[in-house]
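Report on one structure; see the data block that follows.
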Amino acid sequence: MKMNKLHCKNNNKSQLRITASYHLPGLFEIFDFYCLFLPLYRDHRNWFYDWCDIASIYGAPEGSLWGGGRTSFGNADARDVLALMDEYGISARLTFSNSLLREEHLSDKQCNELCRIFEGAKIPAGVIVHSDLLVDYLKEKYPDLYLISSTTKVLTDFEDLRSELDRPDFKYVVPDFRLNKAFDKLATLTQEEKDKVEFLCNECCDINCRSRKACYENVSRKNLATSGEEIPDHQCTGKDGQGGYKFSKAMKNPTFISIQDIRQTYLPMGFTNFKIEGRGLGSAMLLEFILYYMTKPEYQLEVREEIYLDSMLDLF
């Protein structure tokens, strides 16, 4: 975890400022966007808030048997992906959060090759996992990859979250978004535990939804399906579940974590890791997340122009 601690003057008092680390979506799925954005981010760092940085980018290529959470569709070459992350000092993460893996799936050639390639990263790479079977396999076969406990476990009970944080297997744990505002309980965590918590900031799923785990399992089942096998889509029963993702809707979610929340509440409490969802939402939506969470208001137009005017990127 990156924690750049800077001393700054405020009302003639020295205060400790801690960097918020973002974990962004679309490593394979929106790779072309990052090829354009990361040079812009480096060359115009003053356009972006100095209290945050990009700690990792996560995703999985199309056809990943171990994939979960969302059905992946990216086709970027893994070596190109890793070279870009190494160039900009960002950790690459494979999203291998399939919850239905069996022993025979562990020999999958594509996923093993991805792990082998990512073990060679200059900046340590990670794997987002759900299955304990895969956890044990990765620890044995690819010990240089760090592990992240996936939000697909739907850890809504705080004591379950605490137990997960206490597992030495994981460097980070992403709780269910419905624990985002459980401040009284979150305050009881030790600093070591807080350092492992990675909050999902921008979920728009109904907080009363009771089928979230079934939704994730449906994606896992689709990724394991044999050629020609038809897996029906999960039918969401949550409020406005068929309406699709809208950032404006996510902002109205009582669990939404705003930039004000991050600066005024989470950072002072000692939490520094924040995950932005959106692997399957495309470049245009990712740009909106970056504008909101990372870009100073007075430079948002410049960032939009630099991105929109590049003819190499299909935003829509």
message: salt bridge (charged side-chain N to carboxylate O under 4.0 Å, His left out), that's the test. Do E113 and R79 meet it? Break it down for me.
response: CA-CA 11 Å; E113 178 64 8; R79 291 175 177 82; 3.5 Å; yes
- request: Given side-chain hydrogen bond (donor to acceptor under 3.5 Å, both in side chains), test N273 with Y22 step by step and report yes or no.
  value: CA-CA 6 Å; N273 288 285; Y22 286 125; over 6 Å; no
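I148 pairs in a side-chain contact (heavy atoms from CB on, under 4.5 Å) with only one of the listed residues (K171, H23, R93), which is R93.
A centroid separation of less than 6.0 Å is found between the aromatic rings of F183 and Y266. For Y292 and F247, the ring centers are positioned less than 6.0 Å apart.
When all heavy atoms are compared, the tightest approach of S107 to N112 is C-ND2, 3.5 Å. The heavy-atom pair separating C201 from F274 by the smallest distance is SG-CB, 3.5 Å. The heavy-atom pair separating L36 from P39 by the smallest distance is O-CD, 3.4 Å. When all heavy atoms of T255 and K181 are compared, the pair lying nearest together is O-CE, 4.1 Å. Between G63 and Q110, the closest heavy-atom pair is O-OE1, 3.0 Å. When every heavy atom of A55 is checked against every heavy atom of I90, the shortest pair comes out as O-CG2, 3.9 Å.
Between the side chain of E193 and the main chain of T190, a donor-acceptor pair closer than 3.5 Å is present. Of the possible donor and acceptor atoms, none in the side chain of E62 sits under 3.5 Å from a partner among the backbone N and O of N75. Checked by atom type and distance alone, the side chain of T295 pairs as donor or acceptor with a backbone atom of I290 at under 3.5 Å. Listed for the D108 side chain is no donor-acceptor partner under 3.5 Å among the backbone atoms of L65. The closest donor-acceptor contact from the side chain of D261 to the backbone of S258 lies under 3.5 Å. A distance-only check finds no donor-acceptor pair linking the side chain of T272 to the backbone of S21 [under 3.5 Å]. Between the side chain of N98 and the backbone N or O of G67, at least one donor-acceptor pair lies under 3.5 Å. K196 contributes a side-chain N or O that, together with a main-chain N or O of L165, makes up a donor-acceptor pair within less than 3.5 Å. A donor-acceptor contact shorter than 3.5 Å links the side chain of D157 to the backbone of D160.
Using a cutoff of 4.0 Å between basic side-chain nitrogens and carboxylate oxygens, E288 and R304 are scored as salt-bridged.
Between N202 and Y245, the side chains place a donor N or O and an acceptor N or O closer than 3.5 Å (distance only, hydrogens not considered). Between S91 and Y58, the side chains place no donor N or O within less than 3.5 Å of an acceptor N or O (distance only, hydrogens not considered). Side-chain polar atoms of S149 and K153 form a donor-acceptor pair below 3.5 angstrom. Counting only N and O atoms by type, the side chains of Y88 and R42 include a donor and acceptor under 3.5 Å apart.
A 4.5 Å side-chain heavy-atom check between T265 and F271 finds every atom pair outside the cut-off. Side-chain atoms of Y137 and L101, non-hydrogen and from C-beta on, never get closer than 4.5 Å to each other. The side-chain heavy atoms of F177 and N253, taken from C-beta on, include a pair separated by under 4.5 Å. Taking the side chain as every heavy atom from C-beta outward, Y146 and V127 never approach each other to under 4.5 Å. Under the 4.5 Å side-chain criterion, counting only non-hydrogen atoms from C-beta, Y293 is not in contact with F48. With a 4.5 Å cut-off on side-chain heavy atoms, K296 and Y49 count as touching.
Taking the ring pair (Phe, Tyr, Trp, His ring centres under 6.0 Å) definition, one finds that H130 meets it with nothing, sequence neighbours left out. Residues satisfying the salt bridge (Lys or Arg N to Asp or Glu O under 4.0 Å) test with E298, not counting sequence neighbours, are none.
Heavy-atom neighbours of N208 CG from other residues, nucleotides or ligands within 6.0 Å: above the threshold of 12.
One finds the CE atom of M85 at 8.5 Å from the CD1 atom of I54 (value rounded to the nearest 0.5 Å).
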